[in-house]
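Sequence lines set the chain letters: A, B, ... in the order given, protein chains first and strands last, and positions in each chain run from 1.
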Amino acid sequence: MKNRIVAILEKALAACRRQGLLTAAEAPVIEVELTKDPAHGDYATNLAMILASREKKNPRLLAGMLSEAIADTEGILERIEIAGPGFMNFSIRTEVWVKELTAVHAQRERYGMMDFGRGKKVQVEFVSANPTGPLHIGHARGAVVGDVLANLLTAAGYAVSREYYINDAGNQMRNLGRSLWYRYREQMGQSVEFPDGCYRGDYMKDLAARVIAADGGAWLASEEEAVITAFTDYAAGAILEGIKQDLQAFGVIFDCYFSERDLYRDNRVGRLLAELQEKGFVYREGETLWFKTTAFGDDKDRVVVRQNGEPTYFAADIAYHANKYQRGFDRVIDVWGADHHGYIPRLYAGIQALDRSPEDLKIVLVQLVNLLRDGKPVAMSTRSGEFVTLREVVDEVGRDAARYNFMMRRSDSHLDFDLELAKKQSNENPVYYVQYAHARICSILRMAQERGYRAPTDGEAALRRLKLSEEIDLIKAVTRFPEVMEGSVKALEPHRLTFYLNDLAALLHSYYNKNKVLSEDQAMSEARLYLVESVRIVLQNALKLLGVSTPERM
RNA sequence: GCGCCCAUGGCUCAGCUGGAUAGAGCGUCGGACUACGAAUCCGGAUGUCGCAGGUUCGAAUCCUGCUGGGCGCGCCA
């Protein structure tokens, strides 16, 4: 609908320019928005005020001129009003709103889906937690953000791949193997002192027990270095397997798990560094290799190969991103914890040295979750083993409530997650408000079937009965869905969906309480069935994108 | 010290990239079930959009400077 107004305005604008009524060199971008106040009609544009400054003319006069030039060939406009400093307010005819619903019914589960992605390959990389322990509640937020972003991009017509980067090549991995080694010895009856940096959670005890169950004390006889290497692989593999299962229970399924070790396997890191050195972005200082990130706006240059000859994490990350583009992704989205923000300029420098545009990389920052229990902060640390796992959250709060909760704030704002509150208040959780609206409609549909009522199939005649202001408001909300989708995808802001859903559910509940859908008047009932069914379709489509279920009964 | 993010009713947060009288939820006060489901609805109260300037027809939104909070500044990952 918005686009139709824009199109009408474009024609009017062009007409005015042809007639020499407008003289400025370039035509402005036309912006049309939904009005907040019904007194301002349905849509409004500030076009005349934008023109006013360019043309040096009175905005209200310009608005009048544009209004004269408008040719409403489709007959969708009830009236145009000029208001305030020069707004043009458009009121859409009621029948036109009602007719919009036919698109919802025609497209059903495709309603709101778009194709502007044009099949371009996009990769969303998220979670990417080191396999040193189970995922905890902090990872859960990133998991949902990444997953829903991927859903949104898919819905916009992109070819999306979900990827998990496994940082399995650093010192942390070695610590993991060593931690298991100490636990193992402890359980074999030796007295051990755990060095700093060890992972001490219960899951390590379980792993040690599994090793003992399989091999007994056989490892005690082996040389320590060899044991640690073997234990590292074993622990990382087992933990990663657990992570995959936890993610699956949370409704998150990756297309690809990419191992950092693979980057070293055929010397991709080394070859990449050589290439960058050739291009002049890498220089040597003694044994150390530096990347000239300052050439791309970073504060200082960064080391890519240490004095001891080992490449840094950063070096591997450049190689990793080079690899992403080599795999044909036109656009790469990384979802990171906000504590990594200082790393952003570095990575942008990296991809630009590879001749990629900064446009090809988008980093979405997710603020860490502030975990509370009864209002008091809970300290979390993977190493000490004190944390609430993703699995526990899913089991206790439920998948739907957990996912919806994480989607209720912009990803870059802090999020308090109170465990007791989430559990205790599960019945008052906003997710149920939305799901209840869906279940309610399903209930009406069941009742309608019993009475032998059917929503009209093409139904334009029958739909003329929908003319209450609550009905038009509901239709407006329903048909706004594609616009919400588009904005949400383009801004990479999935939280907009939950706010929209809340609005839509509120209108539905309000309408339900005020007006009976099913009555003695069959034609009226059927028209209203058509309306609530369209609400249901949109609720379902949006909830599906969030990975939240749509119960027919609750 | 330098950099990034944040500051909006009592609390938690939106505010569609500069629009008209700043909105929700929770909480609070008062109402609505012989009803298609009360996990719902209806109504009331609550604001110097951190402070001070600036940009313009117009600022919660953009710029500058303060104040207060979070995070980051490794040849860790």
Side-chain angles (χ1 to χ4, degrees), chain A residues 31 33-37 39-40 44-46 49-50 52-53 58-60 83-87 89 130 132 167 169-173 260 285 287-290 298-300 302-314 316-317 337-345 365 367-368 370 375 408-410 412-416 418 421 425-433 435-437 439-448 450-451 480 483-484 486-488 490-491 493 495-496 498-500 502-503 505-506 508-519 525 528-529 532 553-554:
Chain A
E31 284 181 30
E33 59 186 14
L34 278 166
T35 56
K36 290 176 199 159
D37 186 340
H40 299 147
T45 184
N46 60 356
M49 289 180 289
I50 301 289
S53 61
N58 181 313
R60 288 189 66 106
F87 287 105
N89 294 334
N130 296 0
T132 55
N167 298 142
N171 289 330
Q172 294 185 9
M173 283 297 107
E260 185 183 355
E285 211 176 74
E287 292 304 305
T288 310
L289 281 187
W290 291 82
D298 200 3
D299 316 339
K300 52 183 174 183
R302 308 289 172 174
V303 172
V304 281
V305 176
R306 290 179 266 249
Q307 202 160 12
N308 65 9
E310 284 183 27
T312 59
Y313 176 83
F314 175 46
D317 216 15
D339 53 337
H340 289 77
H341 71 259
Y343 191 81
I344 293 173
L365 292 181
Q367 278 290 351
L368 302 186
N370 190 20
M408 284 186 51
R409 276 160 187 72
R410 317 171 48 97
D412 61 352
S413 79
H414 292 272
L415 168 64
D416 289 342
D418 193 307
L421 217 61
Q425 287 198 334
S426 62
N427 277 7
E428 301 167 26
N429 198 299
V431 70
Y432 297 107
Y433 184 78
Q435 287 182 319
Y436 184 51
R440 226 174 193 179
I441 296 168
C442 289
S443 175
I444 296 171
L445 296 174
R446 283 193 295 270
M447 191 70 65
E450 279 175 28
R451 297 197 196 177
R480 191 160 59 94
E483 290 163 27
V484 173
E486 186 175 344
S488 189
K490 289 187 172 165
E493 289 183 354
H495 74 280
R496 292 190 194 183
T498 55
F499 284 89
Y500 168 72
N502 204 61
D503 287 348
L508 185 277
H509 285 311
S510 178
Y511 178 65
Y512 175 93
N513 275 278
K514 194 166 172 189
N515 307 97
K516 303 258 304 177
V517 173
L518 304 177
S519 64
S525 301
R528 288 179 170 174
L529 276 173
V532 297
R553 296 172 208 268
M554 293 173 70

A/R480 side-chain N/O to B/C16 phosphate OP1/OP2 under 4.0 Å: no
Spacing between A/E493 atom CD and B/G15 atom C1', to the nearest angstrom: 11 Å
Side-chain donor or acceptor of A/S488 paired with backbone N/O of A/E493 under 3.5 Å: yes
Proximity to the side chain of A/N513 - top-ranked nucleotide from B/A39, B/C41, B/C36: B/C41
Minimum-distance nucleotide (side-chain atoms of A/Y436 versus B/C36, B/A38, B/G72): B/A38
Within 6.0 angstrom of A/R451 CZ, more than 12 heavy atoms from elsewhere: yes
Proximal nucleotide (of B/C36, B/C16, B/A20) relative to the A/H40 side chain: B/A20
Closest-nucleotide 5' rank along RNA chain B - winner of A/E260 and A/M49: A/M49
Touch class at under 4.0 angstrom, heavy-atom based, for A/A44 against every strand present: base
RNA chain B: stems of at least 3 consecutive Watson-Crick or G-U pairs whose donor-acceptor distances fall under 3.5 Å: B:1-5 with B:69-73, B:10-13 with B:23-26, B:28-32 with B:40-44, B:50-54 with B:62-66
Sugar-phosphate, base or nothing in reach of A/D503, heavy atoms under 4.0 Å: nothing
Non-hydrogen side-chain atoms of A/N370 and A/H414 separated by less than 4.5 Å: no
Residue mapping more 5' on RNA chain B - nearest nucleotide basis, A/H509 or A/Y343: A/H509
Which atoms of nucleotides 73-76 of chain B (N or O only) lie under 3.5 Å from a protein N or O atom, and what are those distances?
{"from": "B/C75", "atom 1": "O2", "to": "A/Q307", "atom 2": "N", "distance (Å)": "2.8"}
{"from": "B/C75", "atom 1": "N3", "to": "A/T288", "atom 2": "OG1", "distance (Å)": "3.3"}
{"from": "B/C75", "atom 1": "N4", "to": "A/T288", "atom 2": "OG1", "distance (Å)": "3.1"}
{"from": "B/C76", "atom 1": "OP2", "to": "A/R306", "atom 2": "NH1", "distance (Å)": "2.9"}

Touch class at under 4.0 angstrom, heavy-atom based, for A/D298 against every strand present: nothing
Sugar-phosphate only, base, or nothing, as touched by A/Y512 at under 4.0 Å among non-hydrogen atoms: base
Value in whole Å for how far the P atom of B/C13 lies from CG of A/N370: 9 Å
Spacing of CG belonging to A/L365 relative to CG belonging to A/D412, to within rounding of 0.5 Å: 7.5 Å
Interatomic distance where CZ belongs to A/R496 and C1' belongs to B/C13 [whole Å]: 16 Å
d(OH, A/Y511; P, B/A38) in whole Å: 16 Å
Between CD on residue A/E310 and CG on residue A/N171, distance to nearest 0.5 Å: 7.5 Å
Phosphate-side-chain proximity, A/T498 and B/G25, N/O vs OP1/OP2 below 4.0 Å: no
Interatomic distance, A/M408 CE vs B/C26 P [rounded to whole Å]: 10 Å
Nucleotide B/C6, atom P - distance to CG of A/L365 in whole Å: 10 Å
Touch class at under 4.0 angstrom, heavy-atom based, for A/S488 against every strand present: nothing
Touch class at under 4.0 angstrom, heavy-atom based, for A/D317 against every strand present: nothing
In B/C33, glycosidic geometry as syn within 90° of 0 or anti otherwise: syn
Whole angstrom value for the distance that separates P of B/A39 from CG of A/L508: 15 Å
Sugar-phosphate only, base, or nothing, as touched by A/R446 at under 4.0 Å among non-hydrogen atoms: nothing
Distance in Å, A/N46 CG paired with A/F87 CZ, rounded so as to fall on 0.5 Å steps: 6.5 Å
Residue-phosphate contact under 4.0 Å: A/K36 side-chain N/O, B/A20 OP1/OP2: yes
Value rounded to 0.5 Å, distance of NZ in A/K516 from CZ in A/R528: 11.0 Å
Aromatic ring pairing A/Y343/A/Y313, orientation class (parallel under 30°, perpendicular over 60°, tilted between): tilted
Student check: side-chain heavy atoms of A/R306 and A/T312 closer than 4.5 Å: yes
Pairwise side-chain contact, A/I50 with A/E31, heavy-atom cut-off 4.5 Å (strictly under): no
Touch class at under 4.0 angstrom, heavy-atom based, for A/S443 against every strand present: base
Sugar-phosphate only, base, or nothing, as touched by A/P85 at under 4.0 Å among non-hydrogen atoms: base
Among B/C13, B/G37, B/A77, the one nearest A/R553 by side-chain distance: B/G37
Contact under 4.0 Å: A/S510 side-chain N or O vs B/C42 OP1/OP2: yes
Syn/anti state of B/U17 by chi, 90° boundary around 0: syn
Sugar-phosphate, base or nothing in reach of A/H495, heavy atoms under 4.0 Å: sugar-phosphate
Ring centroids of A/F87 and B/A20 base under 5.5 Å with planes under 30°: yes
Taking only nitrogen or oxygen atoms into account, show me every contact under 3.5 Å that the protein makes with nucleotides 68-70 of chain B, one pair per line with its distance.
none

Sugar-phosphate, base or nothing in reach of A/M447, heavy atoms under 4.0 Å: sugar-phosphate
Protein-nucleotide distance (A/R440, atom CZ; B/C33, atom P), rounded to Å: 15 Å
B/A20 base / A/N46 side chain donor-acceptor hit below 3.5 Å: no
Touch class at under 4.0 angstrom, heavy-atom based, for A/N515 against every strand present: base
